[in-house]
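These values consider heavy atoms only, across backbone and side chains, with no hydrogens, waters or symmetry-generated copies. Everything numeric here is computed off the predicted structure, so don't read it as measured data.
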Amino acid sequence: MAKQNVAEQFVDILVRAGVQRLYGVVGDSLNPVVDAIRRNSAIDWVQVRHEETAAFAAGAEAQITGKLAACAGSCGPGNLHLINGLYDAHRSMAPVLALASQIPSSEIGLGYFQETHPDQLFRECSHYSELISNPKQMPRLLQTAIQHAIGRSGVSVVSLPGDIASQAAPEKTMEHALVTSRPTVRPGDSEIDKLIRMVDEADRVTLFCGSGTAGAHAEVMEFAERVKSPVGHALRGKEWIQYDNPYDVGMSGLLGYGAAYEATNECDLLILLGTDFPYQAFLPDDVKIVQVDVRPEHLGRRSKLDLAVWGDVRETLRCLIPRVRVKTDRRFLDKMLKKHADALEGVIKAYTRKVEKHVPIHPEYVASVLDDLAAEDAVFTVDTGMCNVWAARYLSPNGRRRIIGSFSHGSMANALPQAIGAQFIDRDRQVISMSGDGGFSMLMGDFLTLVQYDLPVKVVLFNNSSLGMVELEMLVAGLPSYGTTNVNPDFSAIARAAGAYGVRVEKPKQLAGALKDALKHKGPALVDVVTDPNALSIPPKISAEMVTGFALSASKMVLDGGVGRMVQMARSNLRNVPRP
């Protein structure tokens, strides 16, 4: 049996850790690894057009599967391109292993061609970033990197010089069983006892949920019923908590809607479940606050806590549910449900009034129609900016759909690359990229990756020929908009020229048919929808502090924004409120 080199051992360990593909762009320092992949049937090399796309794709794959994903970049400029996507993956707590290949080991520190120090550069966006400078470090260093990525839910980076990758792997290596999943964490008894007392003593309890409630929908609903609590959510909690929720009061924050703000500020006990919600101005400062999170570094960094609980949301609620006293007074819950329904009723016509005649097309209408037509298990990837608003207000989660975006890092151009990673997992699952024209054009080259691999991603392009969110920020600051206008081509013509399905929509009556045809198409497709650049959005509650640094406008152009099918759920929940 031929002796393995370091690159072959590297690839074998990735396979053992469950990695099925490595996203990247080839380069000389990567050649030994790429060749090892070529000869290994258990893993594929996915050639993208930009390394940033590789990192975003790996991050999306990891978020959807919950398993380790991987990307790679060649030395110097190649792996530097990974950094933005890795920041996003790390802040999204996605387990990603990045291979940053390096210049020849004998030249490090001597100003060699393309020299950088990736082991230092990636430290801020990773839990682990180290250089393999000697074959004897393998396989322990790679195994350590993998366990950091999986165990701490984030990025690990391994820097590997090309000459080291080509050398023989050590004969007697210490390979061990790899950690491939995380344990559950139960809070300590004293914290559980304190939390039970606080819940029992409170008259008005509100739950505010983030992405940490993934897998805990049943427990959140049971607990809310037991303590008669309204349930609000942050953007990253939407897909996990909004559906089948008779206690729903909407979303708080800068993209918020409904009564979530009132519910979190008018209670006497606010319980933050699995959320690192960053906007302090929307959180109360005069009520008791408890935070439950599996990441202890998140506890208390957004607001003053009366109790910090280190544990998984599901495990914590399982400890609480049998022991907290059942509350019978529904007055606070019913008041918030009515406020929520009234708030949604007040804006429901924003996207339905005369839409067949409004040109350019309301983007709210596009999102609403897309929500109706998309599959029940569709994966939506959402560009940062106004697409976040439309996704937050119009996409209807159901426990099977997924909504992925750059919700913590806030990068442009994330939707198309993330759709690539999502589609590689399952070619038969519908994947829809909700792209803005600014974000799409930034990494438009990787639309060719869809064509090259015949990935059936559907790109729905909200084309308002502007950087809408930036324009809002300028309005808030009292500045005239400048540098925010895009002179765009017919993107559908570009899609057709690339060999994909492409259609341009300029009139509302064309929209539903165009989306249906694109969604039915078996290969990649792009629907270029010309939308109204004046359709902007504001949250339900605004203060001067909230306005600072964010896109809010008092302009007459601003629409309140509709809420799609959410109003139907609010009406249904309201029917359950007892009448006096």
Side-chain angles (χ1 to χ4, degrees), residues 53 56-57 60 63-64 88 235-236 238-239 251 255 351 360-375 377-397 401-407 410-423 429-444 446-447 450 455-469 488 491-492 495 502-505 511-512 514-516 518-519 524-533 535-537 561-566:
T53 295
F56 270 122
Q63 287 182 68
I64 291 171
D88 183 79
L235 179 55
R236 290 192 67 197
K238 175 183 173 73
E239 62 178 326
M251 188 172 85
L255 309 183
Y351 75 99
I361 301 169
H362 278 306
E364 303 99 319
Y365 179 60
V366 180
S368 177
V369 174
L370 180 62
D371 181 55
D372 286 338
L373 296 177
D377 65 343
V379 177
F380 296 90
T381 60
V382 183
D383 259 343
T384 298
M386 297 310 296
C387 283
N388 268 195
V389 179
W390 316 137
R393 295 187 173 186
Y394 294 91
L395 295 186
S396 303
R401 286 179 168 180
R402 294 298 313 272
I403 305 172
I404 304 294
S406 187
F407 298 140
S411 173
M412 284 182 67
N414 61 285
L416 173 63
Q418 289 177 328
I420 291 171
Q423 193 72 83
R429 189 174 186 181
Q430 191 179 81
V431 176
I432 301 169
S433 171
M434 293 176 62
S435 298
D437 57 290
F440 179 76
S441 57
M442 184 176 284
L443 284 176
M444 187 167 59
D446 269 293
F447 188 80
L450 302 184
L455 291 173
V457 170
K458 315 306 178 192
V459 178
V460 179
L461 189 60
F462 289 70
N463 182 3
N464 63 2
S465 296
S466 72
L467 301 177
M469 196 65 82
N488 288 330
F491 288 107
S492 67
V503 62
R504 185 174 174 90
V505 179
L511 179 64
L515 288 175
K516 286 178 183 177
L519 293 173
L526 182 144
V527 182
D528 181 3
V529 187
V530 180
T531 60
D532 187 353
L536 308 176
S537 178
V563 287
R565 283 189 282 179
M566 282 180 279

Atom pair CG (Asp528) and OG (Ser492), whose distance is rounded to the nearest 0.5 Å: 5.5 Å
No-hydrogen, no-angle side-chain donor-acceptor test under 3.5 Å, Asn414 and Ser406: no
Atom pair OG1/CD of Thr53 and Gln418 - distance to nearest 0.5 Å: 10.5 Å
Side chain to side chain, Val457 and Pro524, heavy atoms closer than 4.5 Å: no
Qualifying residue, where the test is side chain to side chain contact (heavy atoms under 4.5 Å, CB included) with Phe462 and the options are Val529, Val530, Val366: Val366
Asp377 vs Arg429, side chain to side chain contact (heavy atoms under 4.5 Å, CB included): CA-CA, chis, key distance, verdict: CA-CA 7 Å; Asp377 65 343; Arg429 189 174 186 181; 4.1 Å; yes
Close side-chain approach of Val379 to Ile432, heavy-atom, < 4.5 Å: no
Salt-bridge contact Arg402-Glu239 (side-chain N to carboxylate O under 4.0 Å): yes
Between CG on residue Leu443 and CZ on residue Phe56, distance to nearest 0.5 Å: 7.5 Å
Approximate separation, where rounding is to 0.5 Å, of Leu461 CG and Thr531 OG1: 8.5 Å
Nearest-0.5 Å distance that lies between atom CZ in Phe440 and atom OG in Ser433: 8.0 Å
Closest non-hydrogen atom pair, Cys387 against Val382: O-CG1, 3.4 Å
Steps toward salt bridge (charged side-chain N to carboxylate O under 4.0 Å, His left out) verdict (Asp371, Arg393): CA-CA 10 Å; Asp371 181 55; Arg393 295 187 173 186; over 6 Å; no
Distance-only donor-acceptor check, side chains Asp88 and Ser411, under 3.5 Å: no
Stepwise side chain to side chain contact (heavy atoms under 4.5 Å, CB included) test for Lys516 and Leu373: CA-CA 7 Å; Lys516 286 178 183 177; Leu373 296 177; 3.7 Å; yes
Worked check of side chain to side chain contact (heavy atoms under 4.5 Å, CB included) between Met434 and Val459: CA-CA 6 Å; Met434 293 176 62; Val459 178; over 6 Å; no
Validation row: Asp383, Met412 side chains within 4.5 angstrom (heavy atoms): no
Steps toward side chain to side chain contact (heavy atoms under 4.5 Å, CB included) verdict (Met251, Leu235): CA-CA 7 Å; Met251 188 172 85; Leu235 179 55; 4.0 Å; yes
